[in-house]
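By convention here, the first residue in the shown sequence is residue 1. Remember, predicted model here, so these are calculated numbers, not experimental data. Counting convention: from 1, in listed order, for ligands and their atoms alike.
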Amino acid sequence: MDKIRIRGGNALRGSIAVGGAKNAALPLMTAALLTDETLTLTNVPDLADIKTLMRLLDQHGVAQHLNGAGSCAGRQLDLTAERIASTTAPYDLVRKMRASVLVLGPLVARCGEARVSLPGGCAIGARPVDLHIKGLQAMGAEIDIDGGYIVARAPKGLVGAEVVFPKVSVGATENLLMAATLARGETVLVNAAREPEVSDLAHCLVAMGADISGIGTDRLRIRGKDRLHGARHMVVADRIETGTYAMAAAITGGDVTLLNTRLELIQAAATVLAQAGVEFTEVEGGVRVSRTGRDLIGVDAMTEPFPGFPTDLQAQMMALMCTARGAAMITETIFENRFMHAPELARMGARITVHGASALVRGVERLTGAPVMATDLRASVSLVLAGLAAAGETTVSRVYHLDRGYERLEEKLAACGADIERVRESD
Ligand SMILES: CC(=O)N[C@H]1[C@@H](OP(=O)(O)OP(=O)(O)OC[C@H]2O[C@@H](n3ccc(=O)[nH]c3=O)[C@H](O)[C@@H]2O)O[C@H](CO)[C@@H](O)[C@@H]1O
Ligand SMILES: C=C(OP(=O)(O)O)C(=O)O
């Protein structure tokens with residue numbers, strides 16, 4: 001199994017190309033199930049999660065053609081679901097990646113039935129899918145849980161409904177948004193997620209012929225159509241990758257230009273980071289992030305649905321605050337178990353006290369390298385950031401978590417001067 005080895009202390013300087021967003025590409029790929037014509041996605045990142053979803057879509061009968069594999073210029077994926085071969089999403093594939101549950105809405109909408117494995121909990125929380133299920137029931141689907149599967153039937157098709165979400169859910173918004181495009185009549189999603197990935201999906205659905213208004217707001221109105229058609233759509237830039245590399249520049253006292261991305265995608269995080277002493281400048285084609293000759297100051301951050309501070313940047317923020325002057329209170333409001341990185345950071349000399357949903361981080365002069373491992377994607381990358389700033393050598397194991405969401409992480413960081421490499425367990 002691969003590990004990442006880092007010798008910390010180098011300030012990052014240079015530029016990093018940000019890829020298409022994993023969390024946009026995944027729902028966009030499932031949208032291909034809504035039409036028998038070809039959906040072409042560009043700027044598709046080369047990530048383990050994309051491969052997992054390609055395997056799932058393959059068994060649903062979606063023909064897929066990937067161009068530009070191995071190139072860093074952004075890949076193109078053609079998906080054609082001319083005929084749905086199977087409406088079952090098996091446990092073996094769904095358990096590998098929770099986003100697989102996003103096939104549920106499109107399959108019921110197009111085929112009137114679906115049998116999708118319940119994804120189960122994961123390292124960061126229980127993550128139920130009750131809101132996806134209740135929303136589809138409101139749209140007329142009959143749903144049973146049988147043998148660990150969500151069994152949904154709507155033989156006469158889905159019907160439009162008003163769905164009021166009791167809490168903001170990105171996945172439930174996306175599943176119901178897709179389902180509603182082929183439902184009879186009008187659907188209104190109230191308290192819908194406003195994440196840029198949801199808007200990206202909505203724009204793609206409009207390009208496929210869907211009638212959606214309120215894009216970017218918490219109230220989406222969808223007038224169902226008899227059929228959707230093919231389209232071409234470019235996946236939005238990955239704001240979590242953008243924020244992660246911004247924090248890599250910040251933690252090392254570096255100066256890095258992030259290309260193919262936009263500051264507005266990470267506005268909430270950038271505002272907090274600016275208070276901590278990090279400078280952001282919009283430049284042609286991207287954002288320049290620097291912290292040269294300035295101390296890092298401890299600042300508080302609380303995760304919230306978009307446009308608030310993203311939970312997917314919370315672990316990285318905690319790593320950053322470990323070497324800040326003063327203290328920082330980091331509060332996680334989205335997932336109940338998303339501080340698994342705290343004890344690993346403590347192994348590197350961080351001073352962190354967790355009280356329920358908040359972690360108090362007291363800055364130290366310098367972290368020290370250590371062997372560490374994490375149980376999820378963003379926790380793993382927070383350890384990489386800590387390693388970039390630590391004295392001595394850090395090895396991060398369970399690299400498969402990183403490969404779910406970061407394309408060529410070590411190459412991108414090494415190109416900016418980081419001493420980082422991927423090593424085999426046996427090396
Ligand atoms: C592939 C993808 O896009 N993943 C992102 C997506 O996950 P995902 O779509 O799974 O996250 P949700 O927004 O649905 O979850 C938010 C909260 O709602 C709860 N909930 C959700 C659905 C439901 O039916 N019932 C329920 O109680 C969850 O347990 C969680 O506490 O949004 C999260 C929140 O921004 C991000 O951290 C993930 O990276
Ligand atoms: C939690 C994440 O992803 P997923 O929802 O696929 O687990 C993430 O991208 O940080």
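Considering only non-hydrogen protein atoms, atom 4 (P) of ligand 2 sits nearest to Arg404 NH2, 3.4 Å. Looking only at heavy atoms of the protein, atom 24 (O) of ligand 1 is closest to Leu131 N, 2.7 Å. When hydrogens are left out, the protein atom nearest atom 10 (O) of ligand 2 is Arg378 NE, 2.7 Å; that is the closest non-hydrogen contact. Given atom 28 (C) of ligand 1, the protein heavy atom at minimum distance is Phe335 CE2, 4.2 Å. Scanning all protein heavy atoms for the shortest distance to atom 18 (O) of ligand 1 gives Lys167 CD, 3.4 Å. Atom 1 (C) of ligand 2 has as its closest protein heavy atom Arg338 NH2, 3.5 Å. Looking only at heavy atoms of the protein, atom 7 (O) of ligand 2 is closest to Arg127 NH1, 2.9 Å. Of all protein heavy atoms, the one closest to atom 6 (C) of ligand 1 is Val170 CB, 4.0 Å. Here the protein heavy atom with the shortest distance to atom 7 (O) of ligand 1 is Arg127 NH2, 3.2 Å. At the top of the distance list for atom 2 (C) of ligand 2, counting protein heavy atoms only, stands Lys22 NZ, 4.0 Å.
Only the side chain of Asp312 comes within contact range of ligand 1, with a heavy atom under 4.0 Å; no backbone atom does. The proximity of Asn23 to ligand 2, defined as any non-hydrogen pair under 4.0 Å, is limited to the side chain. Residue-level proximity to ligand 1 for Arg338 is carried by the side chain, the only part with a heavy atom below 4.0 angstrom. Residue-level proximity to ligand 1 for His132 is carried by backbone and side chain together, each with a heavy atom below 4.0 angstrom. Using a 4.0 Å cut-off between heavy atoms, Ile334 contacts ligand 1 through both its backbone and its side chain.
One option in Pro128, Ala172, Gly125 has a heavy atom closer to atom 20 (N) of ligand 1 than any other, and that option is Pro128.
Two residues are said to be in side-chain contact when any heavy atoms from C-beta on lie closer than 4.5 Å; Thr271 and Phe309 fail this criterion. Within the 4.5 Å cutoff, the side chain of Leu360 has no heavy atoms near those of the Arg351 side chain. By the 4.5 Å heavy-atom criterion applied to side chains, Gln59 and Pro90 are counted as neighbours. Proximity of Leu26 to Met97: side-chain heavy atoms (C-beta onward) are separated by under 4.5 Å at one or more points.
Residues Leu177 and Leu189 share a closest heavy-atom pair of N-CD1, 3.8 Å. Nearest heavy-atom pair across Leu158 and Ala109 is CD1-CA, 3.8 Å.
Taking CG from Leu402 and CG from Asp376, the interatomic distance works out to 10.0 Å, rounded to the nearest 0.5 Å. One finds the CE atom of Met302 at 12.0 Å from the CD1 atom of Ile330 (value rounded to the nearest 0.5 Å). Separating the CG atom in Asp36 from the CD1 atom in Ile84 is a distance of 9.5 Å, to the nearest 0.5 Å.
For a threshold of 3.5 Å applied to N or O pairs, the pair formed by Ser169 and ligand 1 contains at least one separation below that value. Polar contact check, Arg98 against ligand 1: no nitrogen or oxygen pair lies under 3.5 Å apart. Considering backbone and side-chain N/O atoms, Gly171 comes within less than 3.5 Å of an N/O atom of ligand 1. Checking only distances, Asp130 does come within under 3.5 Å of ligand 1, N or O to N or O. Not one N or O of Ala99 is nearer than 3.5 Å to an N or O of ligand 1, by distance alone. For a threshold of 3.5 Å applied to N or O pairs, the pair formed by Thr311 and ligand 1 contains no separation below that value. Some N or O of Asn23 is nearer than 3.5 Å to an N or O of ligand 1, by distance alone.
The Val129 neighbourhood of ligand 1 comprises atoms 23 (C), 24 (O), with distances under 4.0 Å to a heavy atom of that residue.
Between Thr40 and Gln76, the side chains place no donor N or O within less than 3.5 Å of an acceptor N or O (distance only, hydrogens not considered).
Using modelled atom types, no side-chain atom of Arg115 and backbone atom of Tyr149 make a donor-acceptor pair closer than 3.5 Å. At distances below 3.5 Å, not a single donor-acceptor pair connects side-chain atoms of Gln314 with backbone N or O atoms of Thr303.
A heavy-atom separation below 4.0 Å is not found between Glu197 and ligand 1.
Checked against Asp403 for a salt bridge (charged side-chain N to carboxylate O under 4.0 Å, His left out), the options Arg398, Arg408, Lys22, Arg422 give a single hit: Arg422. Each of Val163, Thr181, Ile222 was checked for a side chain to side chain contact (heavy atoms under 4.5 Å, CB included) with Leu176, and the lone residue meeting it is Val163.
Atom CD of Glu421 has more than 12 heavy atoms from other residues, nucleotides or ligands within 6.0 Å.
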